[in-house]
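Provided herewith is a single structure, encoded as structure tokens, for subsequent inquiry.
Just so we're on the same page: letters track the sequence lines, and every chain starts at 1. Worth knowing before you read on, the calculation uses all heavy atoms, side chains too, and leaves out hydrogens, waters and symmetry mates.
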Amino acid sequence: MARSYDPHSIEPKWQEAWDRDGLYAVSEEPGRPSYYVLEMFPYPSGDIHMGHVRNYTIGDVVARQLTMGGHKVLHPMGWDAFGLPAENAAIKSQTHPATWTYGNIEKQTASFKRMGFSYDWNRKVVSSDVDYYRWGQWIFLKFWERGLVERKSSPVNWCPSCKTVLANEQVLGGGDCWRCHSQVEKRELEQWYFKITEYAQELLDSLDQLAGWPERVKTMQANWIGRSEGAEVDFTLCDAEGEPTDRTITVFTTRPDTLFGCTFFLLAPEHPLVHELVHETEYAGPVRAVVDAAARETAVERASGEAEKVGAFTGRYVVNPVNGEKVPIWVSNYVLMEYGTGAVMAVPCGDQRDFEFARKYGLAIPPVVVAEDDTLLGELRDQRERVMDDVPWDVAYDGPGLMVQSGQFTGTPTGKGGEGMRAVTEWLAERGQGRFSVNFRLRDWLISRQRYWGNPIPAIHCAACGLVPVPEDQLPVVLPSDVDVTKGETLADHPEFYETTCPKCGGVARRETDTMDTFTCSSWYYFRYADARNDQAIWDKDKVDYWLPVDQYIGGIEHAILHLLYSRFFTKVFRDMGLCDFGEPFTNLLTQGMVRMDGEVMSKSKGNVVAPEDMIAEYGADTMRAYILFMAPPDKDLEWSFEGIDGMYRWLSRVWRLVAETAEETASGCGVAASGDEAAKTLHREMHRVIGKVTDDVSRFQLNTSIAALMELTNAAYDYRNSVAQGERDLPLIRDVAENLTKLLAPYVPHMAEELWREILGKDGSVHQQEWPAFDASAAAADVVEMAVQINGKVRARISVEADMQEEHVIEVALTAASKWLEDVEVKKVLVVAGKLVSIVVG
RNA sequence: GGCGGUGUAUCCGAAUUGGUACAGGAGGGGGCCUUAAAAGCCCCUGGUCGCAAGGCCGUGUGGGUUCGAAUCCCACCACCGCUACCA
């Protein structure tokens, strides 16, 4: 009797063998189709969690199946190793961040090997290795050469807990730090930026090319980039006496057609002009109060939408370019310095915020756009001058309509994208007081961090020469290892690091002590996998052209904007630098769902973590892999449950017995002629149906249904055994089923399949290097099909007909089968859906 | 408030894109094997009416389009996610 399924004895054995034989090492082979499967590389926190298991198992199944299907598959893994947790852990446990990080990498690598993932570890990249981060510094210098690096002072997000600044993308809704969830503060600081806004338009436009990306990710990116079309309008600033000066303040507006309804003008509290306008005037006090209140206002209050709109008049005016009216300048907390120009033309009849503000402070609300069905229109239709100073509305109107009280533009149809917008903007442009303009919500990417455990920014501050890039031949700027992080030290506390000389003038200079955002490391790692050990160049373009772009990228939805936007930006710059020929890095994207428990995302802080290692210890990695895939489709959230894992183990044991017993039964050869009876035909057909189903399901990432199909094939094989006595079985067939089932299982349960293949079925070579079973559509097709007969949409009968029966004949059979429903009625129409149903319409 | 997603059996979920609703698993029930249990193997498992054949109802709710709707359209409800004073 064959031994039973014992994952714990076979899994470590094959893991070692695969390692020893270098089974998963790949190289370029021009002429053969390449495929690049990539899962987002992890931060080495030390533990693997269910999210990792799910993410990496999905990728592993795809990689293994495509390899068997004849592709050269690149399936690498590495570590996003810089970052703050290492520093926090260092302080907590009095170790060095490097010790902690590399220790975790070792632990986690062992966990990944226990899962049986098919990575080519020769291509491993670790972002904290100097061999890797030196090229990150090189990228920084190249970006600088291309004018994409800028150091500027600006209000930035400061996380008091992480003691560093953050990019806009890294501040969550509600104003929380993405990493530690502390409240972020605004500070005016000089920082380093990557000018991602230079690529804003292209980042938006080329989303259209990403047919293989989920719609919602593209929508999120488009919203984040936030393109608005409109106009810039120049308002002339008046002096303290109310006389026009030669200075102007420019605003951005999406509704230049409402300019005649502008009754006040707003500046953000942080606007540099505010102080000057009210300095030593009676208005200084109230304005100061608004500015101070806004500074105290936390992001939460702002984000809640509950923040009361407050404002104060500055005592000064601007001139409205369309009608020469003097408009009072106010300061209010609802104007954002970060968006547009930090100044707004307020049109209370058309903008809800302006409307509320006007009502609160008793400012005029003259209607300038009126809907065609509004009763006001009768009164105002041809009214060029302003005769009405308030509207009888409860809310602002921003829909389409006709322009009124708008001088020569009165009567023009308008609305978003309407004729009035163009007419007013053209008129302004002719006078040099405005122009068409496009505004983006996307800000430049703040990349400097005041932390130790990151990639040093290769720049030098020289009193004489200003900012000087570290010359390329002086790279890398090595991160010194003797900084005492446990005392909270950073590079700025380390004179040996920052004391240097200017590469230009040779004078005394100071090396930059900020490090780069870790998202700069993860923006190009997938390029480096193509040529990970290159120490002469960042990569060999031929290798990148062979493997990239990534055919299938798999990762969490949490990077819908952050990592995926930054990576798209990097790729476009690389293309412009001639480092690659494409502008989009990831052809297909799968955002796998989260693993939850009790309705919440699994996390240490919630205490609802199920450790994969415990599951492996109990059931083995193969059961764990198959189970997590089977629980839900990969892109959906998954509610963890212990309920079904026994069932998965049971099925695998069942497969084991089937294959083992078949191996015994056919041990002395399959010399018996095929019986060709009905049961055998059914099993043969089922085998081919499942080959087709599994192959197709994997291409659509329906890994839960592909496993279901494999279960069906198992059931069909058992049905055959139960219906045909031993000795009468079709031995070539059952042998074929056992071998094909083993191959089909190989991507899901690689260890078990390998053991069955080599030890039980006695084959030479790894199952993972076998050819994927070929799908024979004709073998999978049934020769008799069951069809439904519908009468007026209701199923009234079922018929079994030959699959190739002529349509007229099928109709005949259907009419006979449903004859009792057809008495005393007239058949008006008959439709046949081949192999499915016959629909009869009667009157 | 805006954008997006989801809603199918007791539970997780299928339904190859408008064609026989509920595959597969879990859970539940029954049987075989066994002195017994475990394991294994087999069968049943939406509601309702009916002795049965079969009928009727059923994919969050209500309408619509169609010979035919879980699938398309409209309105609404619930839950989840992202985003939020973006001028």
Next item on the list: Determine whether the side chains of Arg654(A) and Asn715(A) contain a donor N or O and an acceptor N or O closer than 3.5 Å.
Entry: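 The criterion, which ignores hydrogens and geometry beyond distance, is satisfied for Asn715(A) and Arg654(A).
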Next item on the list: Identify, between Thr253(A) and Asn722(A), the residue whose nearest nucleotide on RNA chain B lies closer to the 5' end.
Entry: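 In this pair, the answer is Asn722(A).
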Notebook entry, point to check: Expressed in angstrom and rounded to an integer, what is the separation of Phe642(A) atom CZ from rC12(B) atom P?
Noted result: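 So the CZ-P distance, Phe642(A) to rC12(B), works out to 17 Å.
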Margin query: Considering every strand and a 4.0 Å limit on heavy-atom distances, what is the contact class for Glu786(A): base, sugar-phosphate, or nothing?
Written below: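 Here Glu786(A) touches the bases of the nucleic acid.
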Checklist line | Distance, P atom - from rU17(B) to rC12(B), rounded to whole angstrom | finding: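 Taking atom P in both rC12(B) and rU17(B), they lie 26 Å apart.
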Check: Would rU20(B) be called syn or anti, given that syn covers angles within 90° of 0?
Finding: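 rU20(B): anti.
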Checklist line | Aromatic contact, Phe357(A) with Phe264(A) (centres under 6.0 Å) | finding: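 Under 6.0 Å, so yes.
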Notebook entry, point to check: Charged N to carboxylate O under 4.0 angstrom, Glu215(A) versus Lys218(A)?
Noted result: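 Between Lys218(A) and Glu215(A) there is a salt bridge, with a charged N closer than 4.0 Å to a carboxylate O.
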Notebook entry, point to check: Under 4.0 Å between a side-chain N/O of Arg657(A) and OP1 or OP2 of rC41(B), yes or no?
Noted result: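 Checking Arg657(A) against rC41(B): at least one side-chain N or O falls below 4.0 Å of OP1 or OP2.
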Margin query: Over all strands shown, is Asn704(A) touching base, sugar-phosphate only, or nothing at heavy-atom distances under 4.0 angstrom?
Written below: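 Touches sugar-phosphate only.
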Check: Which nucleotide in the list rU20(B), rC3(B), rC42(B) gets nearest to the side chain of Thr219(A)?
Finding: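 The nucleotide sitting nearest to the side chain is rC3(B).
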Item checked: C1' atoms of rG7(B) and rU61(B), separation to the nearest Å ->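 Between the two C1' atoms, the distance is 12 Å.
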Checklist line | Sugar-phosphate, base or nothing in reach of Ser641(A), heavy atoms under 4.0 Å | finding: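 Answer is nothing: Ser641(A) stays at 4.0 Å or more from every strand.
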Next item on the list: For nucleotides rG28(B) and rC11(B), find the distance between their P atoms and express it as a whole number of Å.
Entry: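 15 Å, rounded to whole Å.
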Next item on the list: Indicate, with a heavy-atom threshold strictly under 4.0 Å, whether Gln790(A) touches base, sugar-phosphate, or nothing.
Entry: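 Counting heavy atoms under 4.0 Å across all strands, the contact made by Gln790(A) includes a base.
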Next item on the list: Give Lys794(A) one of three labels, base, sugar-phosphate or nothing, depending on what nucleic acid heavy atoms sit under 4.0 Å from its own.
Entry: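 It contacts sugar-phosphate atoms only.
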Margin query: Roughly how many Å apart are rA15(B) and rC51(B), using the C1' atom of each and rounding to a whole number?
Written below: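 Taking atom C1' in both rC51(B) and rA15(B), they lie 35 Å apart.
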Next item on the list: Mind calculating the distance between CZ (Arg654(A)) and P (rG24(B)) to the nearest angstrom?
Entry: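 Answer to the nearest Å: 11 Å.
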Next item on the list: Tell me what Asp696(A) touches on the nucleic acid: a base, only sugar-phosphate, or nothing, going by heavy atoms under 4.0 Å.
Entry: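 Contact class for Asp696(A): none.
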Item checked: Distance, rounded to the nearest Å, where Ile557(A) contributes CD1 and rC82(B) contributes P ->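 From Ile557(A) CD1 to rC82(B) P: 9 Å.
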Margin query: Just by distance, no angles: are the side chains of Asp444(A) and Thr197(A) close enough, under 3.5 Å, to form a donor-acceptor pair?
Written below: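 A donor-acceptor contact under 3.5 Å links the two side chains.
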Next item on the list: Could you check which of rU6(B), rC85(B), rA15(B) has an atom nearest any side-chain atom of Arg353(A)?
Entry: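 Output: rC85(B).
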Check: Roughly how many Å is it from CZ in Phe235(A) to C1' in rA87(B), rounded to a whole number?
Finding: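 Between C1' of rA87(B) and CZ of Phe235(A): 12 Å.
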Check: Taking CZ from Phe701(A) and C1' from rU17(B), how many angstroms apart are they, rounded to a whole number?
Finding: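 Distance, rounded to whole Å: 19 Å.
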Notebook entry, point to check: Tyr627(A) and Trp640(A): aromatic ring centres closer than 6.0 Å?
Noted result: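 Yes - the distance between ring centres of Tyr627(A) and Trp640(A) falls below the 6.0 Å cut-off.
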Item checked: Asn223(A) vs rU83(B): side-chain N/O to OP1/OP2 distance below 4.0 Å ->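 No, no such contact exists.
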Margin query: Would the base of rC85(B) count as contacting Lys309(A) through its side chain, where contact means a donor and an acceptor less than 3.5 Å apart?
Written below: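 Donor-acceptor pair under 3.5 Å: yes.
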Notebook entry, point to check: Applying a 3.5 Å limit to both distances, which nucleotide forms a Watson-Crick or G-U wobble pair with rA36(B)?
Noted result: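 Partner of rA36(B): none.
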Checklist line | Distance in angstrom units between Tyr649(A) OH and rG40(B) P, rounded | finding: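 Going from Tyr649(A) (OH) to rG40(B) (P), I get 10 Å.
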Margin query: Just the rounded figure in Å: distance from C1' of rG4(B) to CH2 of Trp224(A).
Written below: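 Rounded to whole Å, this separation is 17 Å.
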Check: Closest to the Ala708(A) side chain: rG24(B), rC67(B), rA15(B)?
Finding: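 Nearest to the side chain of Ala708(A) among the choices is rG24(B).
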Check: Are any of the side-chain heavy atoms of Glu661(A) and Arg721(A) separated by less than 4.5 Å?
Finding: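 Side-chain contact under 4.5 Å: yes.
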Check: Contact class for Asn439(A) (heavy atom, under 4.0 Å): base, sugar-phosphate, or nothing?
Finding: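 Contact class for Asn439(A): none.
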Next item on the list: Determine the Euclidean distance between corresponding P atoms of rC73(B) and rU6(B); express it in Å to zero decimal places.
Entry: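 Comparing P positions in rU6(B) and rC73(B) gives a spacing of 12 Å.
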Margin query: Is there a side-chain contact between Phe630(A) and Leu710(A) in this structure, where contact means two heavy atoms from C-beta onward sitting under 4.5 Å apart?
Written below: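 No, side chains not in contact.
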Next item on the list: Answer with base, sugar-phosphate or nothing: what part of the nucleic acid does Gly226(A) contact at a heavy-atom distance below 4.0 Å?
Entry: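 The residue Gly226(A) makes no contact with any strand.
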Notebook entry, point to check: Within the structure shown, what part of the strands sits under 4.0 Å from Asp646(A) by heavy-atom distance: base, sugar-phosphate, or nothing?
Noted result: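 The answer is nothing, as Asp646(A) stays clear of every strand by at least 4.0 Å.
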Next item on the list: Using Watson-Crick or G-U wobble geometry with both distances below 3.5 Å, tell me the partner of rA14(B), or none.
Entry: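 Looking at the geometry, rA14(B) pairs with no nucleotide.
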Checklist line | Rounded distance in Å between the C1' positions of rG46(B) and rA21(B) | finding: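 After rounding to an integer number of Å, I get 11 Å for this pair.
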Checklist line | Shortest side-chain distance from Pro633(A), nucleotide among rA14(B), rG24(B), rG55(B) | finding: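 Given the options rA14(B), rG24(B), rG55(B), the side chain of Pro633(A) is closest to rA14(B).
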Notebook entry, point to check: Is there a Watson-Crick or G-U wobble partner for rC51(B) with both distances under 3.5 Å, and if so, which one is it?
Noted result: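 In the structure as shown, rC51(B) has no Watson-Crick or wobble partner.
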Next item on the list: Evaluate the side-chain proximity of Leu652(A) to Tyr748(A): yes if any heavy-atom separation is below 4.5 Å, no if none is.
Entry: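 Tyr748(A) does not reach Leu652(A) side chain to side chain.
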Margin query: The side chain of Val841(A) is closest to which nucleotide in this list: rG19(B), rC67(B), rG24(B)?
Written below: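 The listed nucleotide nearest to Val841(A)'s side chain is rC67(B).
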Item checked: Under 4.0 angstrom between Thr254(A) side-chain N/O and rC86(B) OP1 or OP2 ->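 Answer no for this pair, as no side-chain N or O of Thr254(A) is under 4.0 Å from OP1 or OP2.
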Notebook entry, point to check: In terms of side-chain heavy atoms, does Asp234(A) have a donor or acceptor partner in Thr248(A) at a distance below 3.5 Å?
Noted result: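 No - no donor-acceptor pair under 3.5 Å links their side chains.
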Checklist line | P spacing across the pair rG5(B) / rC72(B), given as an integer number of angstrom | finding: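 Those two atoms are separated by 11 Å.
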Checklist line | Atom-to-atom span, CE of Met787(A) to P of rG19(B) - whole angstrom | finding: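 Interatomic distance, CE of Met787(A) to P of rG19(B): 14 Å.
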Margin query: Can you work out whether Ala788(A) or Lys636(A) has the more 5'-proximal nearest nucleotide on RNA chain B?
Written below: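 Its nucleotide being nearer the 5' end, the pick is Lys636(A).
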Note to self: Taking any heavy-atom pair under 4.0 Å as a contact, classify Arg796(A): base, sugar-phosphate, or nothing.
What the structure shows: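 Sugar-phosphate contact only - Arg796(A) comes under 4.0 Å of backbone atoms but never of a base.
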Check: When rounded to the nearest Å, what value does the distance between P atoms of rG81(B) and rG63(B) take?
Finding: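 Looking at atom P only, rG81(B) and rG63(B) are 32 Å apart.
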Next item on the list: Tell me whether the OP1 or OP2 atom of rA26(B) has a side-chain N or O from Arg650(A) closer than 4.0 Å.
Entry: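 Checking rA26(B) against Arg650(A), a side-chain N or O does come within under 4.0 Å of OP1 or OP2.
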Check: Which nucleotide in the set rG25(B), rG55(B), rA23(B) lies at the smallest distance from any side-chain heavy atom of Trp821(A)?
Finding: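 The nucleotide sitting nearest to the side chain is rG55(B).
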